[in-house]
There are 2 protein chains.
Amino acid sequence: MHPVGGGRRVTITDVARHAGVSTSAVSKVLRNAYGVSDAMRERVRESMDALDYRPHAAARGMRGRTYTIGVLLDNLRNAFFADILDGVTERLRGTDYQMLLGAAGFGAEDQRRLARAMVDRQMDGLILIGPGFDRHEVVGAAATVPTVVIGHHDTSDAHDSVVDADAEGAALVVGHLVGLGHRRIALTSAHGNEGSGWTGTPERVQRRGYLEAMTGHGLAPYARVATTAYSEEGGYRAGMELLAATPRPTAVFAGADVAAMGVFRAARELGLRIPEDVSLAGYNNTAVAAMSPVQLTSVDQAGGLMGATAARLLLERIEGRGRAVTVSVSPSLVVRRTTGPAPR
Amino acid sequence: MHPVGGGRRVTITDVARHAGVSTSAVSKVLRNAYGVSDAMRERVRESMDALDYRPHAAARGMRGRTYTIGVLLDNLRNAFFADILDGVTERLRGTDYQMLLGAAGFGAEDQRRLARAMVDRQMDGLILIGPGFDRHEVVGAAATVPTVVIGHHDTSDAHDSVVDADAEGAALVVGHLVGLGHRRIALTSAHGNEGSGWTGTPERVQRRGYLEAMTGHGLAPYARVATTAYSEEGGYRAGMELLAATPRPTAVFAGADVAAMGVFRAARELGLRIPEDVSLAGYNNTAVAAMSPVQLTSVDQAGGLMGATAARLLLERIEGRGRAVTVSVSPSLVVRRTTGPAPR
DNA sequence: CCTTGGTTGGAGAACGTTCTACGACGAGGA
DNA sequence: TCCTCGTCGTAGAACGTTCTCCAACCAAGG
């Protein structure tokens with residue numbers, strides 16, 4: 001057994017010496033490039049195993065690829081992201097690529113710094129989940145390194161896009177609630193990073209979808225939107241605002257599951273039972289929504305599929321596809337126990 | 001304005017040419033090393049700004065540091081990790097270091113590969129959260145790059161450790177339940193990765209703490225442990241096993257909040273009310289526990305503090321501290337609505 | 001025997017940094 | 001005037017890869 005670590009790294013030169021060939025030859029085997037005989041390949045492979053050689057990714061990055069995919073997201077508490085990441089991981093399994101995550105928080109400046117850090121680290125591709133920093137920066141980065149943007153409906157020929165049909169998702173919820181006899185259906189939404197150049201953020205598209213659906217059902221006068229943040233606290237504030245109003249809405253559609261949790265709290269504080277007094281629906285169908293004490297009606301966005309698609313598009317791009325592509329994923333409604341017939 | 005991206009990277013050579021000095025000089029300014037006059041520093045700084053220069057991290061990695069900290073964890077759904085990561089991020093803010101995350105899943109082999117990938121990418125330091133792969137591998141990696149292990153109570157002079165006083169945490173829960181009149185208190189636990197060389201995994205220490213506490217209260221005969229996995233499904237199976245037994249325990253202590261969610265489901269299925277028929281406590285005090293429809297009594301481990309501590313230790317190590325250090329963090333009990341007096 | 005062309009292997013120049021040497025300069029002491 | 005000693009700046013060799021040439025060899029065709 002060789003020592004388990006500590007010593008000097010085994011380099012391509014060591015392998016070459018051990019196998020009695022040139023470093024170029026080893027490099028060729030490594031990249032399985034043209035111009036290597038079977039015998040030679042075999043010999044080199046054996047030396048690699050014997051020495052437990054692993055290529056130095058940083059050094060690789062100086063010339064070729066780093067075999068690293070960077071994923072940028074704002075925060076980890078949104079369980080929906082975990083679904084996306086599972087999809088990415090799954091698609092990347094078996095390839096030589098490694099996924100590394102950066103959690104930047106919500107600040108545009110921090111996100112920008114992280115994206116740059118990823119570019120500086122010579123990553124081969126970037127997946128940006130609902131980026132909140134300036135659109136020009138994103139397009140700029142995308143000009144340097146293959147990039148897929150998840151979430152925003154703004155497309156560009158600089159990067160690929162994977163989006164959820166959020167307007168459709170909103171319509172699904174409104175339709176479900178209308179079917180249960182609700183008319184006063186309110187929405188909690190969030191303001192994205194204003195002035196960052198994105199006009200098709202998911203929350204904006206969702207809001208539009210909600211308003212259109214309400215109008216479509218002839219309920220435009222009953223539409224109400226409270227705009228806070230997608231967080232427990234944000235949901236609470238929105239819930240208080242909406243549920244304290246007169247006449248009170250009989251149903252609240254929370255733009256994100258985590259916000260729905262805040263609405264839950266608001267309802268409890270106001271002495272309202274769910275779903276007897278107020279129906280509540282979320283969005284994202286995160287793991288929380290399914291939990292036994294929660295049982296939240298929500299919209300599933302097939303996060304895994306989105307992630308896998310993003311990874312696929314990225315690999316295609318890295319392999320050389322030129323044209324930008326946009327893939328849209330259809331959401332579906334998952335009915336649980338927080339929505340029920342409208343109170344008379 | 002310079003073009004936003006796309007073109008050739010600006011390198012240290014460009015800056016040197018622009019400022020009319022040597023690349024060595026620029027490098028010195030960059031690292032603020034000794035031997036630079038104020039005038040020169042100023043001039044170089046200006047050129048850097050003018051050209052929007054950013055050092056190429058991959059190239060840096062070939063000689064010096066990459067200013068990258070790698071964090072390895074098994075999966076993102078455990079919200080406890082988010083707390084830890086917030087702590088790490090907070091401590092790293094303002095430094096030149098960037099944190100990158102790797103989510104490896106639970107497989108020992110995948111985790112090992114990820115850890116190696118991080119070492120290959122020449123990261124300056126590693127934070128391993130409850131690593132499930134072989135202890136020798138971890139020690140080996142730690143010999144190459146500064147490493148902090150979070151969670152496992154097995155210490156080593158190769159790496160620093162940050163642990164939660166899990167035995168104490170278990171005692172807190174048992175004490176609380178005993179105070180409410182419970183005697184038949186069961187535990188749901190998890191088997192770590194067997195045969196990986198870790199003898200002090202959190203779940204094992206917690207289990208020991210539970211058994212000792214039960215014994216201390218003279219309740220050793222009532223101790224019951226169901227060992228599954230820390231997941232919703234695992235909790236459900238453990239819950240079914242424990243709650244279907246006769247005599248039925250009056251309280252279940254779930255080793256992790258996520259498992260408690262499964263116990264919730266099991267209880268509901270068996271027609272048992274919480275906390276009237278069965279009290280339920282979790283561990284980790286994740287965001288879910290606090291949510292309005294959940295209100296789970298849990299043990300808070302000060303994840304943020306653990307993360308910040310880990311980051312601090314790591315930076316110290318990178319700066320040259322030789323001796324390994326272990327820091328233990330004390331848990332505290334957060335009582336909510338899922339625990340109540342034992343049924344008569 | 002000379003060409004041609006395909007196959008196999010290697011030399012060596014990048015890539016963008018860091019960092020060790022070393023040289024030039026000016027001031028101060030003998 | 002000559003030495004010594006800081007201070008400031010530069011040359012240039014790493015670091016571990018990739019990849020473009022180029023050379024050697026062999027077989028087949030003329």
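Per chain, numbering begins at 1; letters A, B, ... match sequence-line order.
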Report the nucleotide, chosen from [options], that has the shortest atom-to-atom distance to any side-chain atom of [X].
| X | options | answer |
| --- | --- | --- |
| B/Thr23 | D/dG16, D/dG12, C/dG9 | D/dG12 |
| A/Lys28 | C/dG16, D/dC8, C/dG10 | C/dG10 |
| A/Met40 | D/dG9, C/dG10, C/dT8 | C/dG10 |
| A/Arg60 | D/dT18, C/dT17, C/dT7 | D/dT18 |
| A/Val21 | D/dT18, C/dT17, C/dG10 | C/dG10 |

Under 4.0 Å between a side-chain N/O of [X] and OP1 or OP2 of [N], yes or no?
| X | N | result |
| --- | --- | --- |
| B/Arg31 | C/dC19 | yes |
| A/Tyr67 | D/dT18 | no |
| A/Ser22 | C/dA11 | no |
| B/Thr13 | C/dG16 | no |

What's the [atom1]-[atom2] distance between [X] and [N], to the nearest Å?
| X | N | atom1 | atom2 | answer |
| --- | --- | --- | --- | --- |
| B/Tyr53 | C/dG16 | OH | P | 10 Å |
| B/Arg54 | C/dT17 | CZ | C1' | 16 Å |
| A/Arg121 | C/dT17 | CZ | P | 13 Å |
| B/Asp96 | C/dT18 | CG | P | 12 Å |
| B/Leu30 | C/dT17 | CG | C1' | 9 Å |
| A/His56 | D/dT18 | NE2 | P | 12 Å |
| A/Ile12 | C/dG12 | CD1 | P | 17 Å |
| B/Arg63 | C/dC15 | CZ | P | 18 Å |

Salt-bridge test for [X] and [Y]: reply yes if a basic N is under 4.0 Å from a carboxylate O, no otherwise.
| X | Y | value |
| --- | --- | --- |
| A/Arg91 | A/Glu316 | no |
| A/Asp14 | A/Arg9 | no |
| B/Glu46 | B/Arg43 | no |

Is B/Tyr34 touching bases, backbone alone, or none of the nucleic acid, heavy atoms closer than 4.0 Å?
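Sugar-phosphate only.
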
With sugar-phosphate meaning primed atoms plus P, OP1 and OP2, does A/Ser27 contact a base, only sugar-phosphate, or nothing at under 4.0 Å between heavy atoms?
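Base contact.
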
Return the minimal non-hydrogen interatomic distance between A/Gly132 and A/Ser196, and the atom names on each side.
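Here A/Gly132 and A/Ser196 meet closest at O-CB, 3.8 Å.
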
Rounded distance (nearest 0.5 Å) linking atom OG1 of A/Thr11 with atom CG of A/Leu51
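Output value for this atom pair is 9.5 Å.
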
Any donor-acceptor pair, under 3.5 Å, between the side chain of A/Ser24 and the base of C/dG12, if you only look at N and O atoms?
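Such a pair is found, so the answer is yes.
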
